[in-house]
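Encoded as structure tokens, the structure appears first; notes follow it.
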Amino acid sequence: MNRDPSPFRTASTASTATSPTPKYANLTASTNLRYSLTRKSIYDRHLNRTKTSELSKSAFAFLFGEMVQYAQKKVYGVQDLEKKLNLHGYAVGQRFLELLLWRDGRTAKRETRILGILQFISHQLYRAIFQKQADTLEKVRENEDEYMISDNDPVVNTYISVPKEMSQLNCGAFIAGIIEAVLDGHCFPAKVTAHTAPNELWPGRTVFLIKFEPEVLEREALRVGS
Amino acid sequence: MNVSGWFEAVASCSSATTNSRSQALSLHPAASHRENLTSSSFKPPTPRPGHLPNMVVYAVLILNKAGGLIYQRDFNPGLQKLSSNDYLILAGTFHGVHAITSQISPTNETSSSGLEVLESENFVMRCFQTLTGTKFLIFAEPRQQNLDVVVRRVYELYADYVMKNPFYQIEMPIRSEGFDRHLNSYIKPHQ
Amino acid sequence: MVVYSFFIFDRHCECIYIRQWLNTASSAAQPLSRPVTASSAATVATSVVEKPTAGSRLSMAEQAKLVFGVIFSLRNMVKKLCGPEDSFLCYRTGHYKLHYYETLSSLRFVMLTDIRTESLKSSLHQIYVNLYVEYVVKNPLSPVEHAGGEGVNNELFELGIDSFVRTID
Amino acid sequence: MSSTSRARLGEEVWKLRTDKINAELVTLTYGSVVAQLCKDLDGDYAEVNKQLDKMGYNIGLRLIEDFLAKSNMQQKCANFRDTADVLSKVGFKMFLNITPTIANWSSDNKQFSLLFDENPLADFVELPDDGKAQSELWYSNMLCGVIRGALEMVQMSVDAHFVSDVLRGNDTTEMRINLIRYIEDEMPQDDE
């Protein structure tokens, strides 16, 4: 896995890397990069420096909004747009996972069971990124391979009103991408999609539907069997 | 007063109407078919910003910087129902009048502000023009004193739920379900 | 309270009376001692030469025209929004307040004051009843129509306005 | 309003009137946007800079309303020095929780620099080692567009661009802002 959460290091592999291959070239080979003498490069700073720092939610909303608008120019239809947002989320998720596990240090544990990884996502990951837990974690009873994580008010959607003609769109696809990356990173390949499922109290309630690849279930079955 | 210029500019945009989000996707119709894996306790919604105490707001209008009407909504009975075309004309007229009211200022002040409060027998209107030229018009029952607070809050909601909505096109009519919803819960209809 | 200016428009939308008071620091205390323009027929081609006065970039004639445009539009807007029974009373900007009173005979009285002034609706009504009707309408020498302001600017009316405005505070 | 009371206003808005979010989420999302552009534009960094500036401009047009609504500023700045002060102490504070230093005023008071000691957008970032990113890409160029767009909405036409960036190996991160002109108030065309 990448040692460095720079957006560039994995940029080219973001969409395909289900099991990232290490790329140490830049770290071992002599680099041509110039570094500031004022010790401001990423290597001069502690990775925990920004662990608790905050920015305004507005700044994120504007950035996210512009990302959606940019993506919208280059897509055909809602599905395509959600796919783009998912990929952005995926890139963010990969890096967040690295940070999270690195920060857990020696206590970091490799989740090996479906329930374990889902709980990791709806608790630790959610808390780290959104300062709250996911609201529910449920299993879809009809389908063995499907689970749902719900968020009553996804932070990316707070200010978004989806126009009528795109009613199927949920920009939570971005968060779905984050979840997908974290699942992939733990070798639980799955497809994650975001769906609007409002209730009376929460008009923006979103359900993330997680559909695991067959091999995940097979492995799980082996573990249960043993 | 020449209102034809702005009129053509906005005539093609339909009036701002409230649109309800279409039915959400129902993932799994039978709710009972779920196993709950968490003990996530029910949390009430975050408290809404305080409602208006004892104040009847009739309507809110928003004009873009060219005087085009981009939002109109009635909250409580008190004003006549006008056709969307009449509202467009009214907005354009007011836009022009507003500019003149700052021109005819008899005082020496260099920074002239246009009309801020208008009173009639039956209503009071607070007009707030932002530094970017957008105008917020709040109509309320006569002799309301706290309209500054209201207008300020409406501006904040606009900044949040209109400006931050990637699907809103600047200067165009506002069709934003989130804005409608939050405005409504702030300016709660009085019976 | 500071009164800046006073206008009367007749039913033909013509300005038949203008009065402006100097707005300087000293005049705030006694705003009425030195009227700048006695009275005038601003809208016709009499020999009225209006100098742009302090605090106003516009000549009085231009100002009257703009004032009328504003009150006419706002009056119509109010009636449109709230029905023909409603009437426009006043507006204020950050710097001044405009008071409006319209008689059933479509005479319009307009007064510009500072923004702290309370509603002048009844005051304007009294100017109409006690001054305009008394000194202009009942004046046998005054014409029925006041084209060009003729007949409004008589001495009694002027004095009446002065002393009346002095009592409004 | 004095410079210190502006700083206080910035603090107050940040502390009391700003909803917060995890900074790393913003940082990584911005990274993802830049990476996407580099990919879409095939490593043409000049184009990436342009696109970032354009996206920022679009944001600026909207962000100004949030700035005005939350800061409750109702008076236009008296001069460009004032504007610089507000930009740094209220604007940057409110959205990115930083207060870049204002420096290097031109003698006609129409140009100044913002020096970024901190830049949350660039935390975690190292530019690609491809021999050209470090001389061509302005990673945080979106900020220039935001400033241009926001000031345009309050009648100031400005040019903003980076002149140095620690990501390029420079010792400072410096943005130059140049007032081109004040835009006249738009008046409706009325015929009196």
Side-chain angles (χ1 to χ4, degrees), chain A residues 4-12 14 25-26 29 31-38 40-43 45 47 49-67 69-71 74 84 87-96 99 128-131 155 158 174 178, chain D residues 13-14 18-40 51 54-56 58-60 62-63 66-67 70 94-98 117 119-131 133-135 142 146 165-173:
Chain A
D4 155 33
S6 146
F8 286 98
R9 281 290 163 78
T10 50
S12 54
N26 282 345
T31 167
N32 295 316
L33 288 175
R34 298 181 297 269
Y35 292 107
S36 160
L37 297 174
T38 47
K40 281 180 178 164
S41 85
I42 48 174
Y43 305 111
R45 305 178 146 190
L47 257 185
R49 204 178 57 93
T50 51
K51 187 178 170 186
T52 53
S53 50
E54 290 181 315
L55 295 178
S56 93
K57 194 176 166 186
S58 297
F60 178 75
F62 285 118
L63 175 62
F64 186 76
E66 191 54 32
M67 189 174 94
Q69 280 176 291
Y70 176 79
K74 314 207 152 210
K84 287 255 178 200
L87 288 178
H88 274 295
Y90 195 96
V92 172
Q94 280 181 309
R95 292 164 175 81
F96 244 112
L99 274 175
I129 306 182
F130 306 119
Q131 283 80 47
V155 96
T158 307
F174 178 79
I178 295 179
Chain D
V13 175
W14 168 256
T18 304
D19 287 336
K20 315 290 196 306
I21 198 166
N22 180 318
E24 292 172 345
L25 177 63
V26 185
T27 307
L28 293 176
T29 305
Y30 184 75
S32 173
V33 169
V34 180
Q36 182 70 44
L37 287 178
C38 291
K39 212 162 107 188
D40 288 356
Q51 187 62 41
K54 199 168 147 196
M55 292 172 87
N58 292 339
I59 290 176
R62 295 163 178 264
L63 176 140
D66 200 44
F67 169 80
K70 304 274 160 70
M94 184 171 152
F95 292 101
L96 296 178
N97 195 22
I98 54 173
D117 206 31
N119 176 8
L121 295 186
D123 279 327
F124 306 145
V125 177
E126 179 175 283
L127 297 184
D129 189 8
D130 58 3
Q134 268 202 321
S135 45
M142 190 181 273
V146 173
D165 190 342
V166 290
L167 295 184
R168 290 182 166 212
N170 301 126
D171 288 341
T172 54
T173 300

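Throughout, protein chains are lettered first and strands after them, A, B, ... in sequence-line order, and every chain is numbered starting at 1.
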Query raised in the report: Is it the side chain or the backbone of Glu66(A) that comes within 4.5 Å of chain D heavy atoms, both, or neither?
Result: both

Query raised in the report: When rounded to the nearest 0.5 angstrom, what distance separates CG in Leu55(A) from NZ in Lys57(A)?
Result: 14.0 Å

**Report entry** Interface moiety of Val155(A) toward chain D, non-hydrogen atoms closer than 4.5 Å
**Finding:** side chain

Query raised in the report: Is a side-chain N or O of Gln51(D) found less than 3.5 angstrom from the main chain of Leu37(D), in a donor-acceptor match?
Result: no

Report task. Sort out for me which of Thr18(D), Leu63(D), Leu96(D) touches chain A most, counting heavy-atom pairs under 4.5 Å. Result -> Leu63(D)

Query raised in the report: With a 4.5 angstrom heavy-atom cut-off, which part of Asn170(D) approaches chain A: side chain, backbone, both or neither?
Result: backbone

Query raised in the report: Out of Lys20(D), Glu24(D), Lys54(D), which one racks up the most heavy-atom pairs below 4.5 Å with chain A?
Result: Glu24(D)

Report summary line: Honestly, the part of Asp165(D) sitting under 4.5 Å from a heavy atom of chain A is neither

**Report entry** Distance-only polar pair, side chains of Glu126(D) and Tyr35(A), donor-acceptor under 3.5 Å
**Finding:** yes

Report task. Mind checking the OH-NZ spacing from Tyr70(A) to Lys84(A)? Nearest 0.5 Å is all I need. Result -> 7.0 Å

Query raised in the report: Which region of Ala128(A), side chain (C-beta onward) or backbone (N, CA, C, O), has a non-hydrogen atom less than 4.5 Å from a non-hydrogen atom of chain D, or is it both or neither?
Result: backbone

Query raised in the report: Is there a donor-acceptor contact under 3.5 Å linking the side chains of Asn119(D) and Thr173(D)?
Result: no

